[in-house]
4 protein chains.
Amino acid sequence: MRLPIAISEQSAEPLYYQIEVQLRALIISGSLQAGTLLPSIRELASQLKCSVITIKRVYSDLEAEGLLRTKQGTGTYVSHVEKESREEQKHSVVNEAIDQLLEAAERVQCTKQELEMLLKEKLQHYEP
Amino acid sequence: MRLPIAISEQSAEPLYYQIEVQLRALIISGSLQAGTLLPSIRELASQLKCSVITIKRVYSDLEAEGLLRTKQGTGTYVSHVEKESREEQKHSVVNEAIDQLLEAAERVQCTKQELEMLLKEKLQHYEP
Amino acid sequence: MRLPIAISEQSAEPLYYQIEVQLRALIISGSLQAGTLLPSIRELASQLKCSVITIKRVYSDLEAEGLLRTKQGTGTYVSHVEKESREEQKHSVVNEAIDQLLEAAERVQCTKQELEMLLKEKLQHYEP
Amino acid sequence: MRLPIAISEQSAEPLYYQIEVQLRALIISGSLQAGTLLPSIRELASQLKCSVITIKRVYSDLEAEGLLRTKQGTGTYVSHVEKESREEQKHSVVNEAIDQLLEAAERVQCTKQELEMLLKEKLQHYEP
DNA sequence: GTGGTCTAGACCACC
DNA sequence: GTGGTCTAGACCACG
């Protein structure tokens, strides 16, 4: 199985973090259904051309968040999460991003009007 | 002179980065006028209770960006930046933050409608 | 790996600057191919008998110029720079030095003839 | 008396050094004849809009080089230097600049041919 | 193992 | 007084 995850060499974000964000999104969005068996650590590491240790960290982190579940000797599965809970998490991810946007805007003293204008323009091309 | 800069011990962001972001914002927003003499590195270090070297790094980085100008034996000054250029930088900072928001939303497959709803709610409390 | 860099205690030039100039030259000249893994900051520091921080500064500065690329936990690599761009940079380095020469000559009112004579003499021994 | 000296705020060169280089050139080139009374420290400082301490340093340095001569209570004069000696110094100033050029060229592995080409081009516009 | 950050403290150059 | 450089040494994050 091949996960639709891409890592950027250019980005300053640490490898493990780039992967976590994308895998988390796949689960929260429902693209990966509950119970799905993820690729093994070694397999994913080889797919993404990164260290096994990095993938291990990703799986551990997401397991700690309750999104994944590891069964000894079988592999790592997507946990069963209520649809409502998934919606909640989705909103919380987006809300966090919004907060960061507002912080940045506030720091450079961007007026509400300016901010709305810039947002409107960008939102036009938003095609999820 | 006392710069309105606050640093958070909790934040995972490195010290120097927190300070850079805020000082950059003060300049771009025009709160600090061109030609303003900034506090000496030693003074600011003592104000923010951090090492002289950390402040030195902040000033150097911002000088490399062209926002500051330091003269040895004299002090560090805010560079003269065109108002239009400031506006541009302001918008580019905000647009970057917007891009990150849209990326996050897209990843969790947030619909345009949902996103607009969440934005609308948060924007109500935006008071720059 | 051992970089052919020599530092002079006599020179008034700061340590970090001496190293930067030489490493930059190695890259621009193509002596170090794109993708080459440089020695770790600790290793180079020990080779050149200077502080780790000094090397760190060198690598950071050259990274800011786009000549190097560092990946945390991995190491520091020579960036891929177009051959034409390298030629350009080479010429720009030399042209800058020529400008400084002409300025100096002009200041002491050295005639074109004198200058050419002195140049001719020195150029005889130029063996790159 | 007004010396034709200009200082650049942009330059990274220290103030005292910029002034020294120019004043030295005025003397070596013969633009300032032996015996000429230079402006007082305070006067020159006010002309160049810099600190008295900076000019004091310039005069001291050039006096140490034997180019100037200070008489208590009267002022600072241009020393009498043999014409041949002046020529020598002129050449030594220029030769030093040439050496720096060659070093830079060598570092980036500029071939003799390339160097000569760049030099020829620049020399065309040399009008002392 | 790698680089990233931060500290305290020193000494120097400049104005 | 200012900034500029450099040190030794520590601790953390990443792979």
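As a basis for the values below, the full set of heavy atoms in this structure was taken, side chains included, without hydrogen atoms, waters or symmetry mates. In what follows, chains carry the letters A, B, and so on, assigned in the order in which the sequence lines appear, proteins first and then strands, with residues in each chain numbered from 1.
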Check your understanding: When we call it a touch if two heavy atoms are under 4.0 Å apart, what does B:R42 touch: a base, just sugar-phosphate, or nothing?
Key -> base
**Study point:** B:G73 or C:Y59, whichever maps to the more 5' nucleotide of DNA chain E
**Key:** C:Y59
Exercise for review: Starting at atom CD1 of B:I55, determine the distance to atom P of F:dT2, rounded to an integer number of angstrom.
Suggested key: 14 Å
Point to revise | D:S60 side chain to D:K56 side chain, donor-acceptor N/O pair below 3.5 angstrom | key: no
Check your understanding: With both distances under 3.5 Å as the test, what is the Watson-Crick or G-U wobble partner of E:dC14?
Key -> F:dG1
**Study point:** B:S51 side-chain proximity, nearest of E:dA8, E:dT5, F:dG15
**Key:** E:dA8
Check your understanding: Looking across every strand, which nucleic acid part, if any, lies under 4.0 Å from A:L15 by heavy atom: base, sugar-phosphate, or nothing?
Key -> sugar-phosphate
Review point. Across all strands, who's sitting opposite E:dC6 as a Watson-Crick or G-U wobble pair, both distances under 3.5 Å?
Key: F:dG9
Practice item. Describe the nucleic acid contact of B:Y16 in one word from base, sugar-phosphate, nothing, applying a heavy-atom distance below 4.0 Å. Key: sugar-phosphate
Practice item. Could you tell me whether C:C50 contacts a base, only the sugar-phosphate backbone, or nothing, with contacts defined as non-hydrogen atoms closer than 4.0 Å? Key: sugar-phosphate
Point to revise | Residue pair C:E96 / C:S92, side-chain donor-acceptor N/O under 3.5 Å | key: no
Exercise for review: Would you please confirm or rule out a distance under 4.0 Å between OP1 or OP2 of E:dG4 and any side-chain N or O of C:T70?
Suggested key: yes
